[in-house]
Amino acid sequence: QKEVEQNSGPLSVPEGAIASLNCTYSDRGSQSFFWYRQYSGKSPELIMSIYSNGDKEDGRFTAQLNKASQYVSLLIRDSQPSDSATYLCAVRRGKTSYDKVIFGPGTSLSVIP
Amino acid sequence: GAVVSQHPSRVICKSGTSVKIECRSLDFQATTMFWYRQFPKQSLMLMATSNEGSKATYEQGVEKDKFLINHASLTLSTLTVTSAHPEDSSFYICSARDFLTDTQYFGPGTRLTVL
């Protein structure tokens, strides 16, 4: 089992719809969770971080964490064509410098105008 | 947000030469920096973790003698690809962790092409 799993996609949604991106992880000791967006040919940029169970909202983005189910998701409301990118889920066990961030394979999102 | 710079952004070199890539954290001190490699349509692969003032920790399968990492200061880490070969052609991305914000920021990446 891979440490961080995501559906590779592509996930296609119409403009204005809600895009739902899912991620599962295998290490129950994981404490920190991140969503990154990566445009083609560019490096990843951080969208959100979440550390506690529940929802965290930032603008059109909502991250949801359920540690019991080892599941983290990202919702994008009012999707725009500019949201078309690969979304990377990342998980870290702790906060020390020895704790690596493990990235999932990414989900490709396409927002259709 | 914090900024991480990388230089050069793109490099083309002949097989057998060495290439040095610099990664700088511009407005924060990064005790830990990470080097990733990404092949087309694949995910990020962590190559090594670099801690300021100490030897880098390499991931399994990454040759430490081929990919030399130096983290001499709190704002600068370098990756040198020695005796580069065409199979080393890839997108190399560095990342720096800001401990104050507990956030990992990525540099813009360096696209290496070895002819």
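Throughout, protein chains are lettered first and strands after them, A, B, ... in sequence-line order, and every chain is numbered starting at 1. Heavy atoms only: backbone and side chains are in, while hydrogens, waters and symmetry mates are out. All values derive from a computational prediction rather than experimental measurement.
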Please report, to 0.1 Å, the donor-acceptor pairs under 3.5 Å made by any side chain of residues 65-72 of chain A, with sequence neighbours excluded.
residue : atom : partner : partner atom : Å
A:N66   : OD1  : A:A68   : N            : 3.1
A:N66   : OD1  : A:S69   : N            : 2.9
A:N66   : OD1  : A:S69   : OG           : 3.4
A:K67   : NZ   : A:Y51   : O            : 3.1
A:Q70   : OE1  : A:R28   : NE           : 3.1
A:Q70   : OE1  : A:R28   : NH1          : 3.4
A:Q70   : OE1  : A:R28   : NH2          : 3.2
A:Q70   : NE2  : A:Y25   : O            : 2.9
A:Q70   : NE2  : A:S26   : O            : 3.1
A:Y71   : OH   : A:N22   : OD1          : 2.7

Fill in the blank from the handout: Residues A:V101 and B:Y36: closest non-hydrogen pair is O-OH, 4.0 Å
Practice task
Determine, using the 4.5 Å side-chain heavy-atom cutoff (strictly less than), whether A:L11 and A:I76 are members of one ILVMFWY cluster.
Solution key: yes
Practice task
May I ask whether B:I21 and B:F67 are part of the same hydrophobic cluster, defined by side-chain heavy atoms of I, L, V, M, F, W, Y residues being less than 4.5 angstrom apart, directly or through others?
Solution key: yes
Completion exercise
Whatever's closer than 4.5 Å to a heavy atom in chain B on A:E45 counts as neither
Practice task
Would you kindly confirm whether B:V81 and B:W35 end up in one hydrophobic cluster when ILVMFWY residues are joined by side chain heavy atoms under 4.5 Å apart?
Solution key: yes
Handout entry: Contact residues of residues 87-95 of chain B (partner chain A; heavy-atom separation under 4.5 angstrom)
Key = B:F91, B:I93
Problem - Over 12 foreign heavy atoms within 6.0 Å of CE, B:M45 - result: no
Problem - Heavy-atom contact with chain A under 4.5 Å, split by part of B:Q38 - result: side chain
Problem - Reported CD-to-CZ distance for the pair B:Q104 and A:R92, which is rounded to 0.5 angstrom - result: 7.5 Å
Handout entry: B:E52, part contacting chain A, at a heavy-atom distance under 4.5 Å
Key = neither
Practice task
Please state whether the side chain, the backbone, both or neither of A:L88 comes within less than 4.5 Å of a heavy atom of chain B.
Solution key: side chain
Exercise for the section: State yes or no: are the ring centers of B:F106 and A:F34 separated by less than 6.0 Å? Expected result: no
Exercise for the section: Following the transitive rule for hydrophobic clusters with a side-chain heavy-atom cut-off under 4.5 Å over Ile, Leu, Val, Met, Phe, Trp and Tyr, establish whether B:L46 and A:F103 coincide in one cluster. Expected result: yes
Problem - Common cluster, A:F61/A:W35, ILVMFWY with side-chain heavy-atom separation under 4.5 Å - result: yes
Exercise for the section: Rounded to the nearest 0.5 Å, what's the gap from OG on A:S108 to NZ on B:K41? Could you check? Expected result: 8.0 Å
Exercise for the section: Would you confirm whether B:S43, through its side chain, and A:G106, through its main-chain N or O, come within 3.5 Å as a donor-acceptor pair? Expected result: no
